[in-house]
Amino acid sequence: MAQQKATNITWHEATVTVEDREKLLNQKGCVIWFTGLSGSGKSTLANAVEQVLHQQRHHTYVLDGDNVRHGLNKNLGFSPEDREENIRRIGEVAKLFADAGTVVMTAFISPYRADRDQARALIAENRFVEVFVHCPVEVCEERDTKGLYKKARAGEIKEFTGISAPYEPPLNPEVTVNTAALSIEECAQAVVQTLVKIGLVPAEN
């Protein structure tokens, strides 16, 4: 848990409420948290879901693991401690997006259950949708366009999830999709249908 260092600070309530923003956008601010091994298809699936929702005229945003490490989290590596801080920051940023009424998607390996549970705890009840992007590691290796698994097997990359660092799959995710068995389009529809079922976005007319 991050320590509060700043003192003499006060939380300022907004004049425009979350409900006001959601009424304007015709959706509920929420976090769709995609988790899975490198190469499982998290970013591809998150972008596919965003495309479907965008076509349905919903306000969305994707926070991608690599992209965030170019800016907000550029000072973090891949040690267990840095991974924890990486996910803590993303959870806080996702919370802000959800408060703005946005359907925000996060595509991060996020290998530890405790870190994902901490992110969930930040978000209002029924506004956090964990999506387990399941894919066997051997399939992920076959898709490895970046050559990361090969480098990890050779010992060139330390603490690589699924090879030299652990991955803890979700125990009770809202959605599980197998990208080795289903197309990205089928997986995206499964996620969107869950959002409709939960009541986060309305059914398409």
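Side chains are part of it too, since the values below use all heavy atoms of this structure and drop only hydrogens, waters and symmetry mates. Note that the structure is predicted; figures quoted are calculated from it, not measured.
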Report the C-alpha separation of Asn86 and Arg69 in whole Å, then their side-chain angles, then the decisive distance to 0.1 Å, and conclude whether the side chain to side chain contact (heavy atoms under 4.5 Å, CB included) test is met.
CA-CA 8 Å; Asn86 184 54; Arg69 282 183 176 274; 3.6 Å; yes

Kindly work out whether a path of hydrophobic side-chain contacts (I/L/V/M/F/W/Y, heavy atoms less than 4.5 Å apart) joins [X] to [Y].
X      : Y      : value
Trp33  : Leu96  : no
Val62  : Val177 : yes
Val103 : Tyr61  : no
Phe108 : Leu76  : no
Leu53  : Leu25  : no

Report the distance from atom [atom1] of [X] to atom [atom2] of [Y], rounding to the nearest 0.5 Å.
X      : Y      : atom1 : atom2 : result
Thr35  : Glu168 : OG1   : CD    : 10.0 Å
Asn73  : Asn67  : CG    : CG    : 11.5 Å
Phe34  : Ile109 : CZ    : CD1   : 15.0 Å
His134 : Asn178 : NE2   : CG    : 5.0 Å
Leu182 : Gln189 : CG    : CD    : 12.0 Å
Thr194 : Leu200 : OG1   : CG    : 10.0 Å

Audit row: Thr102, His58, side chain to side chain contact (heavy atoms under 4.5 Å, CB included) steps and yes/no:
CA-CA 8 Å; Thr102 300; His58 290 298; over 6 Å; no

Let's go through Thr106 and Ile32 carefully: what are the C-alpha distance in whole Å and the side-chain angles of both, what is the deciding distance for side chain to side chain contact (heavy atoms under 4.5 Å, CB included) to 0.1 Å, and is it a yes or a no?
CA-CA 6 Å; Thr106 70; Ile32 310 174; over 6 Å; no

Do other residues, nucleotides or ligands put more than 12 heavy atoms under 6.0 Å from the CG atom of Asn75?
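Yes - once you tally the heavy atoms of other residues, nucleotides and ligands closer than 6.0 Å, there are more than 12.
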
Can you check whether [Y]'s main-chain N or O pairs, donor with acceptor, with [X]'s side chain at less than 3.5 Å?
X     : Y      : result
Arg88 : Asp115 : no
Gln27 : Pro202 : no
Arg89 : Leu72  : yes

Partner of Glu141 by salt bridge (Lys or Arg N to Asp or Glu O under 4.0 Å), out of Lys150, Arg153, Lys151
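In the set Lys150, Arg153, Lys151, the residue that makes a salt bridge (Lys or Arg N to Asp or Glu O under 4.0 Å) with Glu141 is Arg153.
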
Are side-chain N/O atoms of Glu159 and Ser164 paired as donor and acceptor at under 3.5 Å?
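Glu159 vs Ser164: no donor-acceptor pair found between side chains.
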
Under 3.5 Å, which donor-acceptor pairs do the side chains of residues 123-132 form with other protein atoms, sequence neighbours left out?
from	atom 1	to	atom 2	distance (Å)
Arg127	NH1	Glu22	OE2	2.6
Arg127	NH1	Gly29	O	3.0
Glu130	OE2	Arg116	NE	2.8

Is it the case that the ring center of Phe160 lies less than 6.0 angstrom away from the ring center of Tyr149?
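Ring-ring flag for Tyr149/Phe160: true, centres closer than 6.0 Å.
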
Strictly below 4.0 Å, N to O, side chains only: are Asp99 and Arg21 in salt-bridge contact?
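Result for this pair is yes, salt bridge flagged.
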
Nearest heavy-atom pair of [X] and [Y]: which atoms, and what distance?
X      : Y      : answer
Ala119 : Gly91  : CB-CA, 4.3 Å
Gly39  : Cys140 : C-SG, 3.8 Å
Ala188 : Leu45  : N-CD1, 3.5 Å

With sequence neighbours excluded, what pairs up with Thr179 under the side chain to side chain donor-acceptor pair (under 3.5 Å) test?
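So Thr179 forms a side chain to side chain donor-acceptor pair (under 3.5 Å) with Arg143.
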
Report the hydrophobic cluster partners of Phe78, with the cluster defined as I, L, V, M, F, W, Y residues connected by side-chain heavy atoms closer than 4.5 angstrom, directly or transitively.
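None, because no other hydrophobic side chain comes under 4.5 Å of this residue.
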
Please report the C-alpha distance between Val93 and Lys95 in whole Å, then the side-chain angles of each, then the deciding distance to 0.1 Å, and finally whether the side chain to side chain contact (heavy atoms under 4.5 Å, CB included) criterion is met.
CA-CA 5 Å; Val93 171; Lys95 179 183 178 182; over 6 Å; no

